[in-house]
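What's counted below: heavy atoms across the whole structure, side chains too, no hydrogens, waters or symmetry copies. Whatever order the structure lists ligands and atoms in, that order sets their numbers, starting from 1. By convention here, the first residue in the shown sequence is residue 1.
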Amino acid sequence: MPNEKYIVDVGDEGSIGLDKLDYCFNPTTQEFLICSGLKSGMIVLDIGCGSGAMTCWIAKQVGNNGSVIAIENNKNQLNAAMLRAKKMGLNNIEFKLLSAYDIETLNQRFDMVYCRFVLHHLNSPSQVIKKIIRVLKPNGIYAAEEGIVNFAFSYPHNPAWGTEYTGPYPWIDNEEQNMRDGNLGMKLYNKMYKASFKIISAKIIHPLLITRDEKNLLLLGREELKQYELEQGKTEIEWVNQGIELEKIVNDDAQIAGFYASCQVAGQI
Ligand SMILES: C[S@@+](CC[C@H](N)C(=O)[O-])C[C@H]1O[C@@H](n2cnc3c(N)ncnc32)[C@H](O)[C@@H]1O
């Protein structure tokens, strides 16, 4: 897609900000995939594998009779994922530098397509959802998971975390405006239904960050998003002050933070 740019400034060793997604969501994503039918022997496509923690877990589940193709359009992320798989001694994963928009060029059909927190970065997620149908085998499963950033909150409220929650909900379909949609999770069921998936399950996951270690995740990977936030109009001083306020949330044991929520939808063709 022209003028589409990933908002995270990914370093040579991959994004450290993704570690917080792994911490907050991997256990519930693993449960979701098992409930959606992930089994030994399956051939799975992982779209936008990031630094590969879930990819490697899936590879272990499908075992040596199965395999995973993991695609990424960022080579640093892909390298980080390949290194992780190598360290774990996994040899049933094929990594490819490829955009989600081009999955049909794989010329392969899958038992399951798994894609988490990738489509909400794209201007046209529906285009990819339609392509997913074409790469699934008959009765194949699409296990989809996308974020809802507007569910973030802090209590007692600190504007440094969860500001969006006080604003109007983004009911508009950003796709019509050719923009990324941080609230795509809200619309995932509808988009998959309209693409003619038979919906098997749908659920919201909303992690609460309570301990200091958990709340520290709010600070992890901030630098990687700084450039994007400045481009969106935040000033340098506002960015610094937000960091100071986030530290106050971390150090106040009476204060909790609701992380971004995630919507999990499983659909079958
Ligand atoms: C928030 S991360 C999620 C990574 C992983 N799926 C996870 O849940 O941990 C989003 C990932 O999507 C990748 N990405 C963004 N646009 C993409 C595209 N058009 N095709 C493939 N990957 C893309 C980014 O490089 C990034 O690694």
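Atoms of ligand 1 lying under 4.0 Å from at least one heavy atom of L122, given by number and element, are 16 (N), 19 (N). Listed by atom number, the atoms of ligand 1 under 4.0 Å from N74 heavy atoms are 25 (O). Residue A100 approaches ligand 1 through these ligand atoms, each under 4.0 Å from one of its heavy atoms: 18 (C), 19 (N), 20 (N), 21 (C). Atoms of ligand 1 found under 4.0 Å from any heavy atom of C49, numbered from 1 in the order shown, are 5 (C). Counting atoms of ligand 1 from 1 in the listed order, those under 4.0 Å from a heavy atom of L21 are 1 (C). Taking every non-hydrogen atom of E72 and a distance limit under 4.0 Å, the qualifying atoms of ligand 1 come out as 11 (C), 12 (O), 13 (C), 24 (C), 25 (O), 26 (C), 27 (O). If you number the atoms of ligand 1 from 1 as listed, the ones under 4.0 Å from a heavy atom of Q77 come out as 26 (C), 27 (O). Close approach of ligand 1 to G48 is summarised as follows: ligand atoms under 4.0 Å from at least one heavy atom of the residue are 4 (C), 5 (C), 6 (N), 22 (N).
Crowding of K137 atom NZ: a count of heavy atoms from other residues, nucleotides or ligands under 6.0 Å exceeding 12. The neighbour count for K226 NZ, taken as heavy atoms of other residues, nucleotides or ligands under 6.0 Å away, is above 12. For K234, the NZ atom sits in a packed shell: over 12 heavy atoms of surrounding residues, nucleotides or ligands are nearer than 6.0 Å.
For M54, the heavy-atom gap to ligand 1 stays at 4.0 angstrom or more. Proximity of L98 to ligand 1 is established by a heavy-atom distance of less than 4.0 Å. Heavy-atom separations between I71 and ligand 1 are all 4.0 Å or longer.
Backbone and side-chain nitrogen or oxygen atoms of S99 are examined, and one is located within less than 3.5 angstrom of a nitrogen or oxygen of ligand 1.
Shown are H120, H121, K187; of these, the side-chain hydrogen bond (donor to acceptor under 3.5 Å, both in side chains) with D181 is made only by K187.
Counting all heavy atoms, side chain and backbone alike, T55 lies closest to A70 at CG2-CB, 3.6 Å.
Not one N or O on the side chain of Y189 forms a donor-acceptor pair closer than 3.5 Å with the backbone of I199. Of the possible polar contacts, one joining the R109 side chain to the L136 backbone as a donor-acceptor pair under 3.5 Å is found.
Contact annotation: for R116 versus ligand 1, heavy atoms closer than 4.0 Å belong to both the backbone and the side chain.
Judged by distance alone, the side chains of E145 and Y114 never bring a donor and an acceptor atom under 3.5 Å apart.
Separation of the W161 and Y260 ring centroids falls under the 6.0 Å cut-off.
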